[in-house]
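Input: a single structure, listed below in structure tokens.
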Amino acid sequence: MRPFLQSEVYIHDMVKIKRSSDFKNVYRYGKSISNQYIVMYYLENNLGINRVGFSVSKKVGKSVIRNRYKRLLYENFRLLDRDLFKGYDIIFIARNKIIEADFYMVGNAMRRLLTKSSLYMVNK
RNA sequence: CGAGUAAGCCAGAUGGUCGCGUACUAUAUGUACGAGGAAAGUCCGAGCUCCAUAGGGCAAGGUGCCGGGUAAUACCCGGUGGAGGUGACUCCAAGGAAAGUGCAACAGAGAUAUACCGCCUGCCACUUAACUCGUUAUUAACGAAUUAAGCGGCAGGUAAGGGUGGAAAGGCGAGGUAAGAGCUCACCAGCAUCCAGGCGACUGGAAUGCUCUGUAAACCCCACCUGGAGCAAGGUAAAAUAGGAGGGAAUGAUAAGUGGCCCGCUUAACCCUCGGGUAAAACCGCUAGAGGUAUCAGGCAACUGAUAUCGUAGAUAGAUGACCAUCUAAAACAGAACUCGGCUUAUAGACUUGCUCGUAAU
RNA sequence: GGCCCCGUGGUCAAGUGGUUAAGACAUCGCCCUUUCACGGCGGUAACAUGGGUUCGAAUCCCGUCGGGGUCA
């Protein structure tokens with residue numbers, strides 16, 4: 001795994017998972033949790049920061065649709081990231097039913113998953 | 001006013017808060033720029049890169065009225081012919097079936113030539129009728145010959161008519177004939193030759209000759225075009241047990257490049273020497289290009305030329321989003337991935353212009 | 001992103017212009033059996049889609065849609 005120095009990390013920067021091996025690692029060893037719109041995988045990474053990846057299957061729609069829901073997932077995660085415990089790799093996978101949801105419904109679904117997985121600092 | 005037809009244009013805007021990619025700098029509360037008309041399908045054509053500076057032959061594939069435009073095209077423009085529409089106008093893979101081969105199910109007598117029915121002629125047999133002759137005889141009977149009609153058979157002529165079929169030997173009329181037939185004639189249709197016009201497709205005209213099924217998005221013939229692969233090409237640095245560099249041997253046989261085959265070309269192996277520890281990433285290619293806009297000139301037009309002016313994405317888990325306010329309600333199809341020219345397909349709503357037809361008024 | 005292949009009943013599939021689209025499994029009904037299975041008889045059910053060529057198209061040509069493979 002690539003060395004990642006602590007000094008490069010800014011507090012509110014979003015770090016994305018880019019390597020195929022990282023994705024496979026999370027899928028293989030991480031825990032999964034889901035609801036009707038989203039599937040979430042998460043795994044401790046011992047880096048002190050959160051890294052996030054998004055995946056939208058071709059079955060969801062054409063490229064415009066897929067890009068839009070990736071952005072909606074990204075934007076919602078960006079708004080929630082500051083209230084999360086740090087040190088996890090998280091992957092969100094959109095399910096087919098997500099095309100029925102708008103921005104707020106995606107955000108609520110994501111918040112419920114993060115609360116259920118105890119990553120969300122509710123009391124802050 | 002209504003209906004229609006053709007062409008063009010836009011593809012939410014403005015403001016605020018948070019956020020993303022690239023470039024730059026004075027390095028931070030920074031500045032600038034940041035998806036489409038189809039970015040799509042990947043159907044054509046090119047640039048570019050590698051393989052011979054892309055070579056020869058066969059095969060295979062594509063295009064297919066004519067002329068022009070273009071880097072090129074299967075695209076575009078103008079024309080010809082055909083089809084549709086009252087019209088504006090639209091559509092057409094539109095060479096050759098008279099070079100040859102194949103196929104044409106079922107139906108039908110017969111499918112590229114036929115003779116089933118029918119019509120006509122001749123011969124034979126039978127029946128009937130008429131008339132004549134002979135024998136017996138009162139009418140009448142029998143026999144023979146001739147003629148006519150009918151039915152049947154045989155031989156021949158015919159392609160008018162029948163009914164099938166997508167298609168049946170050019171159409172229709174008259175003459176003609178035993179019956180018929182382009183057999184002959186008039187008109188019409190088509191083909192060949194000729195003359196005139198046009199760069200040409202083709203158009204017009206007279207005479208002579210001829211009458212030919214369809215199918216080439218069946219094989220084929222003719223004319224023209226096409227070498228293969230694709231930015232995951234390819235290169236730089238780095239690099240192994242498989243990769244690289246240098247030198248030698250060999251010019252046979254083998255393998256690879258070469259992705260239809262053969263020839264040709266290039267490289268490799270076989271030996272010796274050098275150097276070297278990572279597994280999937282980094283960088284280049286990567287955006288200024290057959291570019292856009294305006295004016296003038298040429299051209300019916302597509303387009304071309306000159307001048308001026310503009311600066312316009314470059315990601316690599318892949319950059320444009322979220323929310324609020326106003327515009328009546330912000331919504332259609334849809335996301336660059338090397339680039340460009342076309343085609344095809346998808347598309348809410350809004351706008352502009354030309355033309356045609358109908359109705360009414362003047 | 002590039003390149004290529006394939007779509008025939010519920011499933012597997014034959015069919016390369018011509019009569020009603022072959023067959024197997026599955027399914028439905030009847031018979032057989034005390035019942036089930038096996039077996040026998042019969043039925044339902046399809047050329048992805050839109051055009052074109054042709055007298056005639058699952059087949060030939062073009063477009064669209066869907067599915068799959070491959071290339072570092």
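Residue numbers start from 1 in every chain, and the chains themselves are labelled A, B, ... in the order their sequence lines are given, proteins ahead of strands.
Under the Watson-Crick and G-U wobble criteria, each requiring two contacts below 3.5 Å, nucleotide C210(B) is paired to G190(B). For A39(B), there is no paired nucleotide, since no Watson-Crick or G-U wobble pair has both relevant distances below 3.5 Å. As the counterpart of C119(B), G157(B) is assigned, both hydrogen-bonding distances of the Watson-Crick or G-U wobble pattern falling under 3.5 Å. For G204(B), the paired nucleotide is C195(B), the pair qualifying as Watson-Crick or G-U wobble because both relevant distances are below 3.5 Å. Judged by Watson-Crick or G-U wobble contacts below 3.5 Å, the nucleotide U312(B) has no partner. C296(B): Watson-Crick or G-U partner is G305(B), with both key distances under 3.5 Å. U135(B) is paired with A141(B) under the criterion used here, namely a Watson-Crick or G-U wobble arrangement in which both key atom distances are under 3.5 Å. Base pairing of G182(B): no nucleotide in any strand meets the Watson-Crick or G-U wobble criterion (both distances under 3.5 Å).
Helical stems in RNA chain C, defined as runs of 3 or more consecutive Watson-Crick or G-U wobble pairs with donor-acceptor distances under 3.5 Å: C:1-7 with C:65-71, C:10-12 with C:23-25, C:27-31 with C:39-43, C:48-52 with C:60-64.
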Shorter than 3.5 Å, N or O on both sides, protein versus nucleotides 345-349 of chain B: list them out with atom names.
none

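For the ring-ring contact (aromatic ring centres under 6.0 Å, His included) test, residues two or more places apart in sequence or in another chain that qualify with Tyr41(A) are Tyr27(A).
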Next item on the list: Report, as a single string ordered 5' to 3', how protein heavy atoms within less than 4.0 Å touch nucleotides 315-321 of chain B: B base, S sugar-phosphate only, - not at all.
Entry: --BS-SB
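Only Phe103(A), Tyr104(A), listed by number, bring a heavy atom of residues 102-109 of chain A to less than 4.0 angstrom from any atom of RNA chain B.
The salt bridge (charged side-chain N to carboxylate O under 4.0 Å, His left out) analysis of residues 108-118 of chain A, with sequence neighbours excluded, yields no pairs. Pairs of residues two or more places apart, or lying in two chains, that qualify as side chain to side chain donor-acceptor pair (under 3.5 Å) and include a residue from residues 88-104 of chain A are Asn45(A)-Asp89(A), Arg51(A)-Asp89(A). For residues 62-76 of chain A, the set of pairs meeting the salt bridge (charged side-chain N to carboxylate O under 4.0 Å, His left out) definition, not counting sequence neighbours, comprises Glu75(A)-Arg78(A).
Here the P atom of nucleotide C323(B) and the OH atom of Tyr74(A) are 17 Å apart, to the nearest Å. If you take NZ of Lys62(A) and C1' of G66(C), they are 12 Å apart, rounded to a whole angstrom.
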